[in-house]
Amino acid sequence: MSAAAATTETKPSPPPVEKIRIKVDGREIEVPKLMPDWQGKLQPTTMLQACALAGVEVPHYCYHPKLPVAGNCRMCLVEFGLPLIGPDRKPVLNEDGTTKIAKQVLPYEPTTVRGAIACATPISTGMEIYPGSPATRQMRESVLEFLLINHPLDCPICDQAGECKLQEYSVDYGQSASRFVEAKVHKPKAVDLGPRIVLDDERCILCSRCVRFTKDIVGDDALGFVNRGSYSTLTHFPGKPFDNNYTLNTVDICPVGALTSKDFRFQMRVWFLKQTKSICTSCGTGCNIVIGSREEKIYRYEPRQNDAVNSCWMCDAGRLNYKWVGREDRLVKCGVRNPERGMKDASWVAALNEIADRLKKAPAGSVAIVASARQTNEELWLLSKLKAKLSATSDSVPRIGEGDKLLVNVDKNPNSYGARLTGVAADPMGSSLPKIADGIRGGGIKTLIVFGEDVTKHGIGAELLGKLETLIVSDILPSQTTELAHYLLPGCAHAEKRGTFTNIKGRVQKLMKAVEPRGDGRPEWEFLHDLVYNVTGQNGFVSIEGLFNQMVKEVPAFNGLTWAGLGDLGVAVRI
Amino acid sequence: MPQEHRLILKYADQPGYTPDIDCYLRHGGYEMLKKALALQSKDLPGGKKMSAQEQVRDEVMKSGLRGRGGAGFSCGLKWSFVDRKSGKPVYLICNADESEPGTFKDRQIIQKDPHQLIEGMILSCWANDVKLAYIYIRGEFAQGAKILNRALGEAREKNFLGKNILGTGYDLDLWVHRGAGAYICGEETGLIESLEGKRAYPRIKPPYFPAVLGLYLCPTIVNNVETLCAVKHIVAMGGAEYARLGTPNNTGTRIVSVSGHVKKPGYYEVEVGKVTLGELINDPAFGGGLRDGRTLKAVIPGGSSAKVFKAGEKFKLKRKGADGQMTAVEVDLLDLPYDFDSLAQAGSMSGSGAIIVMDDSTDIIEALSNIAEFYAHESCGQCTPCREGSLWMAKALHRLTHGHGRKQDADYLLNIAQNIQGRTICAFGEACAWPVLSFVKKFKDEFENRGATDEAKRTAKGTGPMQEMRPIARSAALR
Amino acid sequence: MIVKREKLSLWERLYLPAIIGGFKVTLRHFFRKKVTMQYPEEKWVVPQGYRGAPYLVRDQEGNTKCVSCQLCEFVCPPKAIKIIPPGPAGEIADRPNAEKMPKEFEINMLRCIFCGYCEEVCPEEAIFLMEDYSLTGTSREEMIYNKEKLLALGGVHNDRIRKWKRKLEEAKEQAAFPVAKP
Amino acid sequence: MNFAVPTELETEIDELITHYPQKRSASLMALHALQGHFGWISREAIEWIAQKLELLPINIYELVTFYPMFRTNPVGKYQIKVCRTLSCALGGSYKLHEYLCQKLGLDSNAQSLQTTKDGKFSVEFVECLASCGTAPVMMCNDDFYEGVTAPKADEILTKCK
């Protein structure tokens with residue numbers, strides 16, 4: 001069975017959960033009694049979760065599905081009712097036989113509604129929640145007013161504007177004019193919290209999301225509140241900067257513009273940014289991200305929720321690892337080395353034809369391929385076809401660094417499994433690199449194809465490269481290897497092309513194109529396809545979708561996948 | 001003639017009574033502990049057994065003792081909620097963070113009769129299988145903490161505390177933990193957080209009910225000083241006998257603190273419900289009446305967070321007649337029985353038993369401003385309505401007391417307070433909203449007149465629209 | 001349908017009275033005030049509320065009012081406005097407390113349709129459509145006005161609210177802000 | 001700055017820690033102990049306690065700024081706290097505060113803690129000290145004074161000299 005390898009879910013299916021019936025704004029729905037909390041443990045379903053299942057959004061600030069519940073913002077207060085229990089401890093019935101509902105009121109003031117915070121109040125059978133009632137609306141309006149009285153209202157200079165919950169709910173529940181005539185509380189502005197974070201305390205609504213994140217998710221109690229009451233201020237211990245590898249997540253979860261990223265600060269208004277779903281390529285984890293770009297310039301990476309990979313988080317190192325895409329010294333021209341005149345620009349057709357001619361003439365076994373585990377599955381698979389045709393030796397470069405418990409993997413290659421599964425990498429990865437070096441030294445290998453790696457740093461020195469008859473190099477940034485290339489093929493950064501990666505847990509995830517390639521750069525899969533066609537005569541894949549679907553037929557581990565079936569979150573394969 | 005009924009403070013003010021253990025033992029101290037520890041399990045009909053501890057808990061339940069801290073919640077019921085099946089240790093904390101303005105009863109017990117509290121605590125701990133207990137005493141009671149520590153040392157020496165108490169195999173550790181000046185630590189979950197070494201942010205309920213998830217997320221009992229002392233007397237008298245004191249559902253004695261504009265401010269232990277508010281203020285045995293030539297203007301009956309009463313108010317109380325029928329009776333303010341239920345029916349509460357009396361020399365707006373400033377200062381800042389609202393009200397009242405009032409300020413204040421009450425994590429929301437709601441509602445004409453006068457003054461001066469008030473400075477007019 | 005032509009009367013057939021009447025009109029206008037304007041030496045005075053070219057203004061202290069919020073850029077229908085924000089290391093605002101001002105601000109006057117949306121959307125009252133209605137240049141590049149040019153043309157505009165200054169003053173006045181610094 | 005905790009104090013704090021199942025709980029008591037010795041909680045003291053209780057400094061910093069009894073700046077040798085809450089205000093605590101301030105040459109309108117130039121006295125208005133029946137009340141360091149009239153205040157001040 002071809003689909004056997006591809007399992008849609010790695011998690012075991014949860015045990016069947018008891019369902020209970022409640023009403024949301026008069027609409028009866030059935031919801032599970034237990035639902036996963038922030039750690040994924042089953043806990044009694046909260047009103048907020050139940051409302052979400054009913055398709056009703058309950059506004060909130062402090063609640064975050066992946067953080068412990070704090071219940072301090074009070075924005076999610078809702079009016080609710082419970083079945084009225086008579087003195088005989090049985091529900092009281094209406095005349096028509098339905099259960100009588102007692103709307104909850106203040107015990108000391110029965111004319112006033114008592115709200116409950118939807119984020120922490122568990123539901124019970126027969127409960128009625130009224131997220132759309134006038135009383136609920138009034139509670140939201142009042143909480144929002146409280147939040148706004150001491151807010152500086154400086155949206156024009158606030159980076160959060162456009163994705164600010166305070167702005168959004170102000171549209172829904174705010175008043176056009178403030179009745180607050182007293183002086184506002186002023187707090188420190190532009191506080192340098194750490195190497196990547198700036199804090200504006202006046203904007204802070206003290207929801208404590210950042211505090212909980214850094215304490216409960218990262219385990220680095222770097223942030224805290226000082227002072228009391230309305231003067232409470234978010235801060236770090238003076239002299240102890242907020243500096244762990246996950247600080248920038250606090251910028252994402254900050255519902256207002258209190259925490260801002262130094263990297264993104266005052267760079268671009270968020271409403272201009274085009275959002276492209278993609279994958280972080282800085283390590284084997286493959287965090288799901290959203291690339292924010294405008295006019296072919298990348299401004300930021302943000303994590304995208306994928307509970308099977310990165311939850312809602314990503315590391316700072318990965319997040320800031322986009323600047324090289326826009327570097328000035330990018331390789332932008334296709335080049336062919338002329339024995340007399342050195343490297344000269346060439347057209348793609350001419351270069352690829354020339355390479356194909358040379359490869360076709362190369363005796364079997366005289367070609368070696370050094371691929372990169374930073375290439376996509378499709379590109380590696382195309383290389384494996386070349387390898388098969390030319391009986392080439394191939395390998396890719398392993399990259400082991402430091403990892404942590406949360407997200408950062410020790411494998412700094414984003415697609416080690418792709419390289420393994422397509423058969424391009426040796427086992428263990430990198431073990432054939434010395435063989436290739438020896439082959440060149442001994443003269444057995446005369447042609448070397450290098451993709452995205454500076455092989456001079458991995459055991460194949462410049463003097464060895466000089467011995468080659470043909471050195472075909474594709475890369476994005478210049479290196480010693482690209483300088484020695486006979487054929488130089490400018491490739492694309494990950495944000496400039498589409499394709500798939502297989503992460504360290506065997507999840508095949510899609511890369512999407514956010515910006516156009518620089519100069520003459522072309523996606524590697526595109527020109528590799530041309531090359532493979534020129535060399536082997538195989539065809540049948542003109543688009544990335546077609547290529548992927550062809551690949552899954554031929555690579556056993558990928559059997560049963562489809563490009564469309566990968567969706568936004570990818571699919572795990574057996575590895 | 002109404003009289004004090006001294007039970008807890010029986011010896012405290014007697015000449016020659018000292019807070020050391022010898023004096024306490026001479027006055028029958030620790031006898032109740034010995035009595036309780038000697039109790040045997042009792043057979044119940046149906047072949048079940050009732051352990052000695054259960055018997056004590058049962059007596060407390062029967063006594064109808066209601067918490068003396070403020071909420072007046074049944075002590076026996078509170079104990080019955082404790083999750084004893086979790087396998088986690090049960091903790092008991094004595095709430096000695098007496099911070100409610102107007103209250104000064106626990107201070108008397110701690111300073112004058114610390115061993116009574118300790119005995120009450122040991123009894124309560126034993127009855128609830130508690131192995132570790134704390135007295136959370138407010139930081140300002142530095143003397144009290146010293147006295148308690150000395151008393152604990154003495155009790156340890158005599159083996160009333162520590163390992164294998166009086167040879168019964170029961171171990172109990174009891175420590176004094178000092179707060180550091182935060183009113184919110186009087187809220188039980190805030191107190192627990194504070195005892196855990198955190199900012200005293202009250203916890204959300206659900207899920208953090210102390211009886212299930214309290215100190216270190218273990219079942220925890222938090223009781224007021226006076227409540228725990230009463231436990232000793234319940235053990236001495238038996239629950240049923242104790243319940244005969246006071247009035248039904250408002251049993252026992254309680255210490256009432258009377259302060260403000262009375263001749264004899266002080267603390268008076270009375271049977272609950274047997275004495276009226278008027279007697280507590282005016283009777284020579286208690287408050288002794290107002291200062292000469294003054295008349296009553298307002299009374300806060302249960303600590304500053306209780307709703308104020310205006311002089312001359314009348315209330316409709318439900319009374320059970322001789323035929324068992326409930327009838328409504330009109331009662332004057334001064335004839336209100338001082339108990340939990342009557343005051344609740346009159347729209348306020350007896351809270352921590354603190355009566356603050358204000359005579360006609362009091363500027364009611366200043367008084368409210370003073371209270372509002374207290375709450376703005378003491379708000380922990382965790383949840384939005386209280387954090388922002390308490391300071392907002394304080395600032396608005398500050399404006400009103402400094403000649404920057406507006407006609408609409410009365411409604412403005414009512415609306416802010418209305419938006420706070422019932423919407424916060426803990427009862428502090430009510431505590432800061434109720435004074436404002438009650439003062440402004442009952443003295444609305446004063447507030448509106450003040451606003452109108454200020455506006456008229458501004459118009460006359462031609463200063464035009466109201467100036468924004470600059471940051472809050474200390475109120476001056478109460479000098 | 002046949003329309004019957006009226007016969008002219010003698011007085012009408014004489015022609016002269018009509019000619020004299022015509023000359024009378026001519027003569028009357030000859031002595032009236034001239035209405036021709038010597039454009040471009042003379043310029044037409046535009047009525048209030050006229051939507052001319054959008055310029056950036058400074059406040060009475062000579063500070064740039066624009067804080068680079070880019071709302072005008074967003075709202076501009078012909079995409080005539082281009083703002084380059086200052087970035088994290090960029091120049092902070094010359095107004096106290098405002099934190100931010102544009103690194104570059106360009107309006108392509110060839111694209112501008114003088115709709116006034118930018119003025120309407122500006123939260124800082126930093127951009128105004130002024131009386132300029134005749135914009136000329138000798139190249140396309142010249143018609144892209146940069147920040148300096150826009151500020152020079154806009155001149156000073158009274159800032160009644162002075163939001164940022166007031167905020168700063170209020171913050172400084174806040175007595176004894178309880179910040180404990182160990 | 002040199003920060004050294006005397007051995008006796010450290011022993012005392014170590015003993016306090018044993019009172020609690022979790023070290024963190026001892027932070028308030030440890031802060032009291034340190035403040036008792038040094039008069040105020042310095043940055044080094046915060047770091048010292050944090051290390052002692054296996055916490056991060058921010059955890060202690062949060063407490064020091066939350067609880068008004070802890071000082072983050074040096075204060076006078078005698079700290080006078082006058083209660084300002086309602087019962088005492090009705091009983092004349094504003095007058096008492098003004099009197100003390102005048103006597104010590106301080107600004108009676110100031111909200112927060114003020115210290116005399118010689119560093120001997122600090123005067124501060126605090127919230128309820130829970131002795132409302134004997135208003136106005138004040139504290140001088142750990143000692144409590146009730147029904148403080150002007151002559152009594154003088155007496156207290158002289159005692160401090």
Side-chain angles (χ1 to χ4, degrees), chain B residues 89 98-104 106-107 132 134 138-143 146 173 175 177-183 185 194-200 215-216 257-261 265-267 300 304 354 356-358 362 366-367 370-371 373-374 377-378 380-381 472-476 478-479, chain D residues 16 18-32 35-36 53 55 59-60 62-70 81 83-95 97-98 108-112 125-135 137 139 141-144 147:
Chain B
E98 181 172 54
S99 316
E100 179 75 25
T103 320
F104 47 98
D106 297 344
R107 163 194 288 276
L132 181 56
Y134 295 96
R138 66 176 298 191
E140 286 86 345
F141 286 180
Q143 291 298 342
K146 273 180 205 156
D173 268 331
W175 304 109
H177 183 93
R178 288 182 67 197
Y183 172 78
C185 293
S194 177
L195 189 50
E196 285 184 9
K198 298 170 189 162
R199 290 160 75 83
L215 186 62
Y216 311 121
S257 320
V258 183
S259 64
H261 293 150
Y267 49 93
I300 304 177
S304 66
I356 303 173
V357 181
M358 286 172 268
T362 318
E366 280 292 343
N370 184 293
I371 298 175
E373 221 179 292
F374 170 79
H377 183 260
E378 296 298 342
C380 76
I472 188 158
R474 289 292 179 192
S475 178
L478 272 175
R479 291 170 188 188
Chain D
L16 286 172
T18 64
H19 294 185
Y20 303 94
Q22 290 181 8
K23 279 190 170 184
R24 184 172 185 161
S25 287
S27 37
L28 278 190
M29 293 301 274
L31 283 167
H32 273 302
Q35 180 157 294
L53 302 176
L55 297 170
N59 303 126
I60 302 297
E62 278 192 316
L63 299 184
V64 172
T65 52
F66 185 87
Y67 296 99
M69 275 183 79
F70 297 127
K81 294 175 182 164
C83 174
R84 66 154 286 280
T85 315
L86 189 59
S87 293
C88 282
L90 296 172
S93 67
Y94 278 83
K95 271 195 207 110
H97 181 254
E98 202 176 56
S108 62
N109 279 316
Q111 307 178 45
S112 47
F125 243 157
V126 295
E127 299 299 347
C128 190
L129 290 174
S131 192
C132 317
T134 49
V137 296
M139 283 176 84
N141 287 347
D142 281 354
D143 298 322
F144 204 83

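Residue numbers start from 1 in every chain, and the chains themselves are labelled A, B, ... in the order their sequence lines are given, proteins ahead of strands. Since the model is a prediction, treat every value here as computed from it, not as a measurement.
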Greatest number of non-hydrogen atom pairs under 4.5 angstrom with chain D, of B/Ala180, B/Ser259, B/Gly266, falls to B/Ala180

Counting heavy-atom pairs under 4.5 Å with chain B, which one of D/Met69, D/Gln22, D/Lys81 comes out on top? D/Met69

Hey, does the side chain of D/Ser87 reach the backbone of B/Gly260 with a donor-acceptor pair shorter than 3.5 angstrom? no

What part of B/Glu100 lies closer than 4.5 angstrom to a heavy atom of chain D: side chain, backbone, both or neither? backbone

Which heavy-atom pair separates B/Ser194 from D/Leu28 by the least distance, and what is that distance? OG-CD1, 3.4 Å

Pair D/Phe125-B/Glu373, side chain to side chain contact (heavy atoms under 4.5 Å, CB included): steps then yes or no: CA-CA 12 Å; D/Phe125 243 157; B/Glu373 221 179 292; over 6 Å; no

Atom group of B/Ala200 that falls short of 4.5 Å from chain D, counting heavy atoms: both

Most contacts with chain D, counted as non-hydrogen pairs under 4.5 angstrom, among B/Tyr267, B/Tyr134, B/Phe374, B/Trp175: B/Trp175

Bottom line for D/Asn141: the part with an atom under 4.5 Å from chain B's heavy atoms is neither

Examine whether an atom of B/Leu215 lies under 4.5 Å from a heavy atom of chain D, and if so say whether it belongs to the side chain, the backbone or both; otherwise answer neither. neither

With chain D as the partner, which of B/Ser99, B/Pro101, B/Gly197 has the greatest number of non-hydrogen pairs under 4.5 Å? B/Gly197

Can you tell me which of B/Gly102, B/Ala354, B/Ala182 forms the most heavy-atom pairs within a distance under 4.5 Å of chain D? B/Gly102

Counting only N and O atoms by type, is there a donor-acceptor contact under 3.5 Å from the side chain of B/Gln143 to the main-chain atoms of D/Asp143? no

Heavy atoms only, distances under 4.5 angstrom: which of B/His177, B/His261, B/Lys146 has the most pairs with chain D? Name it, please. B/His177

May I ask you to name which of D/Ala130, D/Ala26, D/Ser27 has the most heavy-atom pairs under 4.5 Å with chain B? D/Ala130

So if I apply the side-chain contact (heavy atoms from CB on, under 4.5 Å) rule between B/Glu140 and each of D/Val126, D/Asp142, D/Leu129, which one comes out positive? D/Leu129

Does any heavy atom of chain D fall under 4.5 Å from the side chain of B/Phe141, the backbone, both, or neither of them? side chain

Options D/Glu62, D/His32, D/Lys23, ranked by heavy-atom pairs under 4.5 Å with chain B, top entry: D/His32

Heavy-atom pairs under 4.5 Å with chain B: which of D/Phe144, D/Phe70, D/Tyr20 has the most? D/Tyr20

Apply side chain to side chain contact (heavy atoms under 4.5 Å, CB included) to the pair B/Asp173 and D/His19, showing each step before the final yes or no. CA-CA 8 Å; B/Asp173 268 331; D/His19 294 185; over 6 Å; no

Do you know the tightest heavy-atom contact between D/Cys132 and D/Cys128? SG-SG, 3.9 Å

All heavy atoms of D/Arg84 vs all of B/Asn370, minimum pair found to be O-ND2, 2.9 Å

Quick check: closest heavy atoms across D/Arg24 and D/Asn59, and the distance to 0.1 Å? NH2-ND2, 3.7 Å

So, B/Arg178 side chain and D/Met29 main chain: donor-acceptor pair closer than 3.5 Å or not? no

Sort B/Tyr183 into side chain, backbone, both or neither according to what part of it lies under 4.5 angstrom from a heavy atom of chain D. neither

Side chain, backbone, both or neither: which part of B/Ser304 has an atom under 4.5 Å from a heavy atom of chain D? neither

Heavy-atom distance under 4.5 Å to chain D: side chain of B/Lys198, backbone, both or neither? both

Against chain D, label B/Cys185 side chain, backbone, both or neither, depending on which of its atoms sit under 4.5 Å from a heavy atom there. side chain

Is B/Arg199 reaching over with its side chain to a backbone N or O of D/Thr65, donor-acceptor style, under 3.5 angstrom? no

